[in-house]
Amino acid sequence: MKKIGPNYPRYETTVFRDFRVMVDNIAERKPDGIAYIFKKNPRDSETTSVTFAEVQRDTHALGTALIRRFGHRAKIGITSEAAYRQILSYYAVMSSGNISVPIDREWAAEDMAATFAKAGCSAVIYSAGIESKMAAVRAALPDCVFITLGDEETPGSVRYADLVDEGNALIAAGDDSYATYDIDPDALASIVFTSGTTGKGKGVMLSTNNICLDMTDGMYHFAITDRTMCVLPPHHTFCSTIIFVGHFAQGCTIYLSSGLKYLLPELKEQKPTHLVLVPLFIETLYKRIWQTAEKTGKADTLRKGIKLSASLRKVGIDRRRSIFKDVLDTFGGEVKMIICGGAALNQDIIDFFDAIGITILNGYGITECAPLISCNRNEYQKKDSVGIPIVDEEVRILDPDDNGEGEIAVRGANVMLGYYEDEEATAAAFTEDGFFKTGDYGRLDEDGWLYITGRLKNLIIFSNGKNVYPEEIETEISRIRGVSECVVYAGESISDPKKEVIVAEIYPDEEELKLAGIEDDKAYFTAEVKKLNQRMVSYKNVGLVKIRHTEFPKNTSKKITRFNIDKTID
């Protein structure tokens, strides 16, 4: 496909009314195609493959068993790592007209129990790896049915495998309750309790239409390749919608990673052709590439290769796959694209990966929008932009300032039904004409491309009326060599406690500083930030640099939880 301006032709997409249709359609089109690959033991080389027809069969069986036990419209909790049985449970709940309640498996038992109780769950499906935690959840929810994804007999729980067998027996006896149930695409289908980065989240109510149309309309804008790897937490919509719905529906083969510590060897083993990642993963890979190059004395060769490749590309010659073969082999040698979302990603990193032959499609989403709102396109991206809105969606900037910046608001089929049992929060989240207020600030350019400025809740407002988006400063500081992580916030001046200043708290990359021969990290970063201040308007100047010696606290989506940061100035 050749680039034809900002609105070059749409890609083909797969249209499906609901999850049952999605599963049936792809099984009919590619019955013997490989849907999922995984390892039962991450230390082994042996993998298990499941075809699209097998996914259909297992979903049909489990869905039938769930209907027999719970009927329709029951709320069913799911808490697990990304695993085949967890995905099948998600499909079966959504395909049987029931309501999924995905929860982070890393939550404390009391938080899980309280959330499942608040949602009114009739059942909870969980992975064997958190059995010890589930004992406390079972005790707190005596009327709830617990379903283990493990093979061991567990007192107080029903086995997943037994439910599948039960469903198959029912189907063989003529039970067609799964296939004939009329799923209402506009009814509540999932309650996603967001973890957030500023405190306890709310229950986002999503319909089947929200999720299915988010992917139908979203996939018009970008084309995926045929093999990817899932490394994201499954309770998050970036994983469940983009990968388990969007990618699955398109017939992509999805390898389920055994965990982050296995990521690099699995990349080399599985050789995915594209990845779906949050910025932290990409930043880590970027730093590892450069650190390896520095240690092996190949950093200058890498820089020269980038310059040579850029010169060749200007005259229509692309040799990136051969020039940077050693670097690309780190990813298995066949990755051509990375879809990125969940947080801001430095444009310098996007440019680097493009230089070595990997296109990063930076996008923007939020759980309340199921989640995809906008994305860059395979053959057309704009620097620093998070792309153009998905098809049939409206994006508006509320109360824009002189720079065109204001709160981003969205209206479309992907926007949530509201917050669970919170009418006040729901009403506050929408404008009078039905636009959802994201809480993110940004702007639209003349072609309709979206740019993110910062998060409303993170906004620093000084007494003189000046507003500062910390993300803007964090992006600049992250470009300083040796910065692993950085958070900017308002604090008190050491010399004058009554004076408020901008504080930059930095978690250094000690290995990078060592390679650079830097011994006094506080003095080094203070000097570098002073240089940065000279390039910025005065009210955005950082007045204090604080060094921390541990990573910032994060949620399982790898976003820094700002509310957990100790802002005490030493």
Side-chain angles (χ1 to χ4, degrees), residues 1-8 11 221-229 231 242 263-264 267 271-294 298-364 374-388 445 447 449-452 475-476 478-479 481:
M1 179 181 291
K2 293 183 179 180
K3 182 173 66 179
I4 311 175
N7 297 309
Y8 73 84
Y11 288 98
H221 275 343
F222 61 93
I224 60 173
T225 66
D226 59 352
R227 300 192 311 279
T228 192
M229 179 182 290
V231 299
I242 304 297
L263 177 59
L264 288 178
L267 283 169
K271 301 185 184 305
T273 45
H274 81 275
L275 297 169
V276 183
L277 301 174
V278 293
L280 182 64
F281 292 169
I282 300 174
E283 291 161 359
T284 300
L285 293 170
Y286 170 79
K287 290 173 183 176
R288 181 169 295 225
I289 289 169
W290 279 110
Q291 287 176 357
T292 300
E294 293 281 2
K298 296 181 179 179
D300 285 341
T301 302
L302 179 56
R303 294 186 187 97
K304 290 176 182 177
I306 291 173
K307 290 182 179 179
L308 172 62
S309 175
S311 298
L312 291 172
R313 290 172 71 191
K314 286 179 180 178
V315 294
I317 302 172
D318 190 347
R319 295 286 186 268
R320 289 176 293 174
R321 307 302 298 185
S322 56
I323 294 174
F324 305 106
K325 182 180 183 303
D326 289 346
V327 178
L328 296 173
D329 284 346
T330 305
F331 306 91
E334 297 186 27
V335 172
K336 301 176 181 67
M337 176 179 75
I338 298 175
I339 298 170
C340 179
L345 180 64
N346 195 313
Q347 183 64 43
D348 292 347
I349 296 178
I350 296 174
D351 292 343
F352 168 78
F353 278 97
D354 176 69
I356 66 171
I358 297 176
T359 300
I360 292 183
L361 299 185
N362 202 18
Y364 168 58
S374 66
C375 60
N376 276 275
R377 306 198 64 186
N378 292 63
E379 298 183 29
Y380 193 79
Q381 304 99 39
K382 282 195 176 184
K383 288 185 183 295
D384 298 312
S385 171
V386 291
I388 53 176
D445 70 12
D447 295 320
W449 289 64
L450 183 62
Y451 300 78
I452 306 296
T475 296
E476 295 302 320
S478 69
R479 291 188 167 102
R481 183 175 184 181

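Positions are given from 1, in the same order as the sequence printed here.
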Treating [X] as the side-chain partner and [Y] as the backbone partner, does any N or O pair qualify as donor plus acceptor under 3.5 Å?
{"X": "S385", "Y": "Q381", "answer": "no"}
{"X": "D447", "Y": "W449", "answer": "no"}
{"X": "N376", "Y": "N362", "answer": "yes"}
{"X": "R321", "Y": "G357", "answer": "yes"}
{"X": "S309", "Y": "I306", "answer": "no"}

Short N-O contact, K325 and D329, less than 4.0 angstrom | yes

Is it true that D354 and K383 make a salt bridge, defined as a side-chain N closer than 4.0 Å to a carboxylate O?
-> no

Which residues satisfy the ring-ring contact (aromatic ring centres under 6.0 Å, His included) test with H221, sequence neighbours excluded?
->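 Residues passing ring-ring contact (aromatic ring centres under 6.0 Å, His included) with H221: none at all.
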
Considering only distance and modelled atom types, tabulate donor-acceptor pairs under 3.5 Å from the side chains of residues 338-349, sequence neighbours left out.
{"unit_1": "N346", "atom_1": "OD1", "unit_2": "D348", "atom_2": "N", "d": "2.9"}
{"unit_1": "N346", "atom_1": "OD1", "unit_2": "R479", "atom_2": "NE", "d": "3.4"}
{"unit_1": "N346", "atom_1": "OD1", "unit_2": "R479", "atom_2": "NH2", "d": "3.2"}
{"unit_1": "N346", "atom_1": "ND2", "unit_2": "T475", "atom_2": "O", "d": "3.3"}
{"unit_1": "N346", "atom_1": "ND2", "unit_2": "S478", "atom_2": "OG", "d": "3.0"}
{"unit_1": "Q347", "atom_1": "OE1", "unit_2": "D384", "atom_2": "N", "d": "2.6"}
{"unit_1": "Q347", "atom_1": "NE2", "unit_2": "D351", "atom_2": "OD1", "d": "2.8"}
{"unit_1": "D348", "atom_1": "OD1", "unit_2": "R479", "atom_2": "NE", "d": "3.4"}
{"unit_1": "D348", "atom_1": "OD2", "unit_2": "R479", "atom_2": "NE", "d": "2.5"}

With sequence neighbours excluded, what pairs up with [X] under the side chain to side chain contact (heavy atoms under 4.5 Å, CB included) test?
{"X": "A310", "value": "none"}
{"X": "T228", "value": "H247, C252, I254, H274, V276"}
{"X": "K271", "value": "R227, E334"}

side-chain contact (heavy atoms from CB on, under 4.5 Å) between Y364 and I452: does it pass, once the steps are laid out?
-> CA-CA 9 Å; Y364 168 58; I452 306 296; 3.9 Å; yes

Where at least one partner belongs to residues 276-288, residue pairs that pass side chain to side chain donor-acceptor pair (under 3.5 Å), sequence neighbours excluded = none

Taken to the nearest 0.5 Å, the spacing of L267 CG from L263 CG works out to 4.5 Å

Of N378, I360, T273, I358, the residue whose pairing with M337 passes side-chain contact (heavy atoms from CB on, under 4.5 Å) =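 Result for side-chain contact (heavy atoms from CB on, under 4.5 Å) with M337: N378.
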
